[in-house]
**Student:** 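One structure follows; several queries about it will come next.
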Amino acid sequence: MSHTDLKSSLNERRSAARAPQRLGCRAAMRTIGSQRCSESGAPRSSSARATWAAWGALAVLSAGCAGAPAGAVQPPKNQPAEGAQPAPSGPVATAEPAPSLVSDTNEPSPFHEWARFGANVQLFPVGDHAIVSGPASNSPLGVAFLLLTPSGELKDEERLNRGMDGIAVVTGVVGEWPKPIYASYVASDGRVGWSETSRLDAKGWTRVLPEAKRWLHVGMSQWSNGRIISLAFDTWRIDDRPPTFRVLPVGTAPAVPKLMPYPNPKDPPPPRCRTNLAPTEMLALETGHVFVFGVPCGPSSTPGNLEWFAPGDARPRVALVAGLRPDEQEFARTTSVTRSAEEIYISHRGSLLRFDGEQVRVMPEIAAQRVTASAEGTVWVTAGDAVWRLPAGDGKWERLVMPEGARAEEIFAPNDARVFVAGGGKLYALGAPPEGGPTEHTLKWGQRARASLRLPVPAQSDCEQPFVLLYAFTKVTPDDYDFPLTRKAIRGQTWLDGARFVVTEDNGKRYFGAFTVDHAQGKRLAAHIQKQVKGAIPALLCASPQVLRELPLDLRTGEVVK
């Protein structure tokens, strides 16, 4: 699907992400920005205005191009076409009776500001740690990661920020730190976006499930027996294939779920439905259950906005869940907590759902953003200006207010004593406030520069600070030496504009080198000096050594600027 040129203002991008989605393909795509639909209703490539924040709503809008409006679910007027086999339907789900609630338990708020990021972030729990994901400060098309520990330490793990080029937004991270974890994300070349899945190892991320430049995933989850499952669909429908489940490791699933096929007549005119449900979100559980939310694809679809699979089943059961609020969320990421096969909680677009093993019901009192569980078994739910908790056992729901003006969106609950909530570019923590006040964090993507040259690290293309090490000082090199051979070599080389020539010191030794604006300039400088200066063997490193003095050079003349 065509997506972004990423040049519009932040307000435009947020507005696009929040635009009502009760629209057909052509109108819905216009809310994101200058999208076009083909004669069959499939979107074509065009320049559009959105940021990584708008990508969270992308799957929802894309699904709307599959032949159904991407918005509130309305039961179809007609029944399945004559001769079509009806889907195995479950009972119509209704709203859950209001939960037994207690009043606010703490005033003022028990949450304290813990950290600041300068932009909205997502929290992905991975065991007793969490991955923090947000827009990278040094990459216009990328996101970056931090590791959040149970104690609240935010670590800049370099391997978390290596190996994913051109990310637009992360849609899911699953696994258990430090064991292998998987991330599903939308990659982009600035014009179109597509989903990919990567696995984290000691060196960084490695792609394990690449997609064609039109297939998007509507969710990725940890499934049963250690498997990972996601649901992908072709937004342009070039392959003419129905939404398809992907399973990792490949070939390990004895029965892969399949959505209910749509009863198409022979040679149907476009747009053509392939499944009864045009999926918008997918959620799987380690119990083996799979839930797929969406909208009926055509007038002959079986009534229902949910298809769910019992453990081991390849055919779905269909339900119509009343009370869903599909238009109220900027992002369409579902989360869940499993207490037992008969007590499962799901956050879905501003609603908290409860699955009792047979039915899915909406709990209308809690406008859930995300749901998670602590090590003690307490269910924690973010809900805008408050956080709800349900203690293990026969506890009652309790509401904890957030600080004035704060928003509770993302959540990570390693234990009941320390719960972390993110919203509005800030991280809040339950319990004692941090010593010294909130910490400031900048998310950066790419290879980190080493401060020392004792263990030189070759620069890769994503190095945040390339440094070309040209020469080491000898015992007889004067302190004010100005390197005439190098100055002669760079005379007239205006492509070096922006490079800084410096004398550095590390471990008592002095070096002459240059900080370059990027990896390509550094690589070219190293090759040029090696060719022009006899005996020179420059090294392109990822380093930021201590600078003793700068040597400002006029690139036109090669002379030192006085």
Side-chain angles (χ1 to χ4, degrees), residues 1 21-29 35 37-43 57-90 92-93 214-219 230-245 257-283 290-309 314-322 324 326-327 332 334 348-349 360:
M1 167 161 295
Q21 297 159 15
R22 208 176 267 113
L23 305 169
C25 177
R26 289 171 176 80
M29 290 305 114
Q35 292 278 16
C37 291
S38 68
E39 292 299 323
S40 65
L58 179 60
V60 183
L61 295 172
S62 303
C65 293
V73 177
Q74 300 294 334
K77 297 179 181 179
N78 303 323
Q79 295 301 314
E82 184 178 357
Q85 294 185 359
S89 301
V92 174
R214 56 187 180 273
W215 281 77
L216 285 174
H217 292 194
V218 294
S230 60
L231 178 59
F233 67 99
D234 181 2
T235 60
W236 291 356
R237 295 184 296 170
I238 293 177
D239 293 342
D240 196 27
R241 293 173 54 195
T244 305
F245 286 94
K258 293 184 179 180
L259 295 177
M260 190 62 59
Y262 184 82
N264 280 298
K266 291 184 178 180
D267 300 322
R272 179 184 180 187
C273 294
R274 298 304 306 264
T275 54
N276 269 330
L277 199 67
T280 58
E281 292 89 38
M282 188 282 299
L283 174 72
V290 177
F291 299 88
V292 179
F293 298 90
V295 293
C297 186
S300 299
S301 293
T302 300
N305 52 9
L306 169 68
E307 292 187 9
W308 65 276
F309 301 79
R315 286 175 58 83
R317 307 181 189 187
V318 180
L320 179 62
V321 182
L324 295 185
D327 292 342
T334 59
H348 177 268
R349 294 175 167 267
V360 174

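By convention here, the first residue in the shown sequence is residue 1. Atom set for the values below is all heavy atoms of this structure, side chains included, hydrogens, waters and symmetry mates excluded.
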**Student:** Measuring from atom CD of Glu281 to atom NE2 of His348, what distance do you get when rounded to the nearest 0.5 angstrom?
**Tutor:** 4.0 Å

**Student:** Testing the basics here: between Phe293 and Leu277, what is the closest heavy-atom pair and its distance to 0.1 Å?
**Tutor:** C-CD2, 4.0 Å

**Student:** Ignoring hydrogens, what is the shortest heavy-atom contact between Arg315 and Met260? Give both atom names and the distance.
**Tutor:** NH2-CE, 4.1 Å

**Student:** Provide the closest heavy-atom pair for Pro316 versus Lys258 in the form atom of the first, atom of the second, distance.
**Tutor:** CD-O, 3.4 Å

**Student:** Is there a side-chain contact between Asn305 and Val295, using heavy atoms and a 4.5 Å cut-off?
**Tutor:** no

**Student:** Taking the six-membered ring for Trp, are Phe291 and Trp308 parallel (under 30°), tilted (30 to 60°) or perpendicular (over 60°)?
**Tutor:** parallel

**Student:** Quick check: closest heavy atoms across Asn276 and Tyr262, and the distance to 0.1 Å?
**Tutor:** OD1-CD1, 3.5 Å

**Student:** So which atom in Leu306 and which in Val360 form the shortest heavy-atom distance, rounded to 0.1 Å?
**Tutor:** CD2-CG2, 3.5 Å

**Student:** State the NE2-CZ distance between His217 and Phe233, to the nearest 0.5 angstrom.
**Tutor:** 10.0 Å

**Student:** Could you tell me which non-hydrogen atom of Pro279 sits nearest to which non-hydrogen atom of Val218, and how far apart they are?
**Tutor:** O-CG1, 4.0 Å

**Student:** For Thr235 and Arg214, indicate whether the former's side chain and the latter's backbone hold a donor-acceptor pair under 3.5 Å.
**Tutor:** yes

**Student:** My understanding is that only residues two or more places apart in sequence, or in another chain, count here; which of them pass side-chain contact (heavy atoms from CB on, under 4.5 Å) with Thr275?
**Tutor:** Pro242, Pro243, Leu259

**Student:** Within this structure, what is the CG-CG distance for the pair Leu231 and Leu283, rounded to the nearest 0.5 Å?
**Tutor:** 11.5 Å

